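Report on the following structure.
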2 protein chains.
Amino acid sequence: MPTPSPIANHIRRLRFEHGEMTQSELAERIGMTRQTIAAIEAGKYSPSLDAAFRIAQVFGVGLGEVFQWRA
Amino acid sequence: MPTPSPIANHIRRLRFEHGEMTQSELAERIGMTRQTIAAIEAGKYSPSLDAAFRIAQVFGVGLGEVFQWRA
DNA sequence: ACGGGATGTAAAAGATATTTTACATAATGT
DNA sequence: ACATTATGTAAAATATCTTTTACATCCCGT
């Protein structure tokens with residue numbers, strides 16, 4: 001299991017706020033797999049900055065509105 | 001050599017705006033190596049979100065003011 | 001009760017990021 | 001001229017992220 005990250009995220013909320021978007025849909029739209037979305041959403045590890053940017057863009061918000069740093 | 005990333009950054013400018021901070025100093029402050037800073041600064045690959053957050057915090061700005069997505 | 005869609009999770013393989021070690025050059029101060 | 005500091009860069013090893021494959025449960029509609 002990957003190392004837990006000190007980064008909180010609001011992916012799940014954003015998904016539901018955007019038409020009940022499913023993990024699979026989100027994954028497909030940013031070119032990643034469902035498992036990766038699930039892991040990031042669960043905070044199992046911190047994603048690449050690239051992945052983070054693509055996720056934020058799907059929701060039309062800035063990085064800071066998806067991921068928050070606590071440490 | 002790592003893959004070039006579609007992410008632009010302003011680390012170098014920010015370093016100089018913050019007391020001519022050196023790559024080594026920045027690296028030390030965020031617990032990474034000088035080579036990693038150099039590679040990120042040169043856009044050789046996109047850092048982890050964790051590294052990105054730590055860099056932004058050193059400069060006291062948000063992620064978007066350090067890294068910008070173009071793609 | 002059954003089937004399908006959404007999610008949780010895990011192990012192994014693959015890809016990418018980061019460290020370590022090492023050497024090079026340019027700029028600066030003495 | 002010499003030493004020191006900052007930076008560029010590279011190869012190999014290590015760590016971390018991501019995919020692939022697979023199976024599990026939960027929930028909802030029929």
Side-chain angles (χ1 to χ4, degrees), chain A residues 1-59 61-71, chain B residues 1-59 61-71:
Chain A
M1 192 170 359
T3 15
S5 89
I7 296 176
N9 74 83
H10 301 254
I11 297 178
R12 184 177 295 263
R13 178 169 58 69
L14 287 163
R15 280 198 298 110
F16 285 111
E17 287 174 3
H18 285 252
E20 311 268 323
M21 184 185 306
T22 163
Q23 289 183 341
S24 296
E25 283 168 7
L26 175 53
E28 195 178 0
R29 289 182 63 174
I30 69 175
M32 305 196 87
T33 65
R34 176 179 76 80
Q35 286 80 350
T36 300
I37 296 296
I40 293 172
E41 195 171 300
K44 296 228 169 114
Y45 47 69
S46 103
S48 67
L49 183 55
D50 195 68
F53 262 120
R54 297 210 297 272
I55 292 171
Q57 189 180 255
V58 163
F59 298 128
V61 299
L63 277 182
E65 293 172 67
V66 184
F67 300 96
Q68 279 158 13
W69 206 59
R70 46 155 201 261
Chain B
M1 197 175 347
T3 17
S5 90
I7 296 175
N9 75 83
H10 302 249
I11 298 178
R12 185 176 294 262
R13 177 170 57 70
L14 287 162
R15 280 198 295 112
F16 284 111
E17 288 174 2
H18 286 253
E20 310 266 324
M21 185 185 305
T22 159
Q23 288 182 341
S24 296
E25 282 169 6
L26 175 53
E28 195 178 359
R29 289 183 63 173
I30 69 174
M32 304 196 87
T33 65
R34 177 178 74 82
Q35 286 79 350
T36 300
I37 295 297
I40 293 172
E41 194 171 300
K44 296 226 170 116
Y45 48 69
S46 103
S48 67
L49 183 56
D50 195 67
F53 263 119
R54 298 211 298 273
I55 292 170
Q57 190 180 256
V58 164
F59 298 128
V61 298
L63 277 182
E65 293 172 68
V66 183
F67 300 96
Q68 281 159 12
W69 206 59
R70 46 156 202 260

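Residue numbers begin at 1 in each chain, while the letters A, B, ... track the order of the sequences. What you see is a predicted model; the values in this text were computed from it and never measured.
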Aromatic plane relationship, A:F59 with A:H18 - under 30° parallel, 30 to 60° tilted, over 60° perpendicular: tilted
Considering only D:dT7, C:dT18, C:dT7, which nucleotide approaches the side chain of B:A51 most closely? C:dT18
Distance test, side-chain N/O of B:R12 to OP1/OP2 of D:dG8, below 4.0 Å: yes
Got more than 12 heavy atoms from elsewhere within 6.0 Å of CZ, A:R29? no
Residue mapping more 5' on DNA chain D - nearest nucleotide basis, A:R34 or A:G31: A:G31
Between D:dT5 and B:Q23, counting only base atoms on the nucleotide and side-chain atoms on the residue, is there a donor-acceptor pair under 3.5 Å? no
d(CG, A:L26; P, C:dT7) in whole Å: 10 Å
Quick check on the helix from C:dG4-D:dC27 to C:dT30-D:dA1: what's the angle between its two end axes, five base pairs per end, to the nearest 10°? 40°
Which atom of B:A8 lies closest to which atom of B:R70, heavy atoms considered: CB-NH1, 3.3 Å
Side chain of A:A38 (C-beta onward), nearest among C:dT18, C:dT9, D:dT7: C:dT9
Taking only N and O in the side chain of B:K44, is any of them less than 4.0 Å away from OP1 or OP2 of C:dA17? no
State, to 0.1 Å, how close A:R15 and A:Q23 come at their nearest heavy-atom pair, and which atoms those are. NH1-N, 3.4 Å
State whether B:T33 places a side-chain N or O below 4.0 Å from either non-bridging phosphate oxygen (OP1 or OP2) of C:dT20. no
Nearest-angstrom distance from the residue atom CE of A:M32 to C1' of C:dA15: 11 Å
Minimal non-hydrogen separation, A:R34 against A:A27, with atom names: N-CB, 3.6 Å
Mind checking the CZ-CD1 spacing from B:F67 to B:I55? Nearest 0.5 Å is all I need. 4.0 Å
Ignoring backbone atoms, establish whether B:R15 has a side-chain N or O less than 4.0 Å from OP1 or OP2 of D:dT7. yes
B:T36 near the nucleic acid: base, sugar-phosphate alone, or nothing, with a heavy-atom cut-off under 4.0 Å? base
Send over the distance from B:I37 CD1 to D:dA6 P, rounded to a whole Å. 14 Å
5' precedence on DNA chain C between A:F16 and B:I40 (nearest-nucleotide basis): A:F16
Between A:V58 and A:L14, is a side chain to side chain contact (heavy atoms under 4.5 Å, CB included) present by the stated rule, with each step listed? CA-CA 10 Å; A:V58 163; A:L14 287 163; over 6 Å; no
Take the protein atom CD of A:E20 and the nucleotide atom C1' of C:dT7, then report the distance between them rounded to whole Å. 14 Å
Rounded to whole Å, please give me the gap between CZ in A:R54 and P in D:dC17. 16 Å
Base of C:dT7 paired with side chain of A:Q35 (donor-acceptor, under 3.5 Å): no
Phosphate OP1/OP2 of C:dG5: any A:S24 side-chain N/O under 4.0 Å: no
Taking atom C1' of D:dT16 as reference, at what distance in whole Å does atom CD1 of A:I7 sit? 13 Å
Distance check needed: C:dA6 P versus A:I11 CD1, whole Å only. 18 Å
A:R12 and A:N9: which non-hydrogen atoms are nearest, and at how many Å? N-OD1, 4.4 Å
B:Y45 OH to D:dT18 P: how many Å, rounded? 15 Å
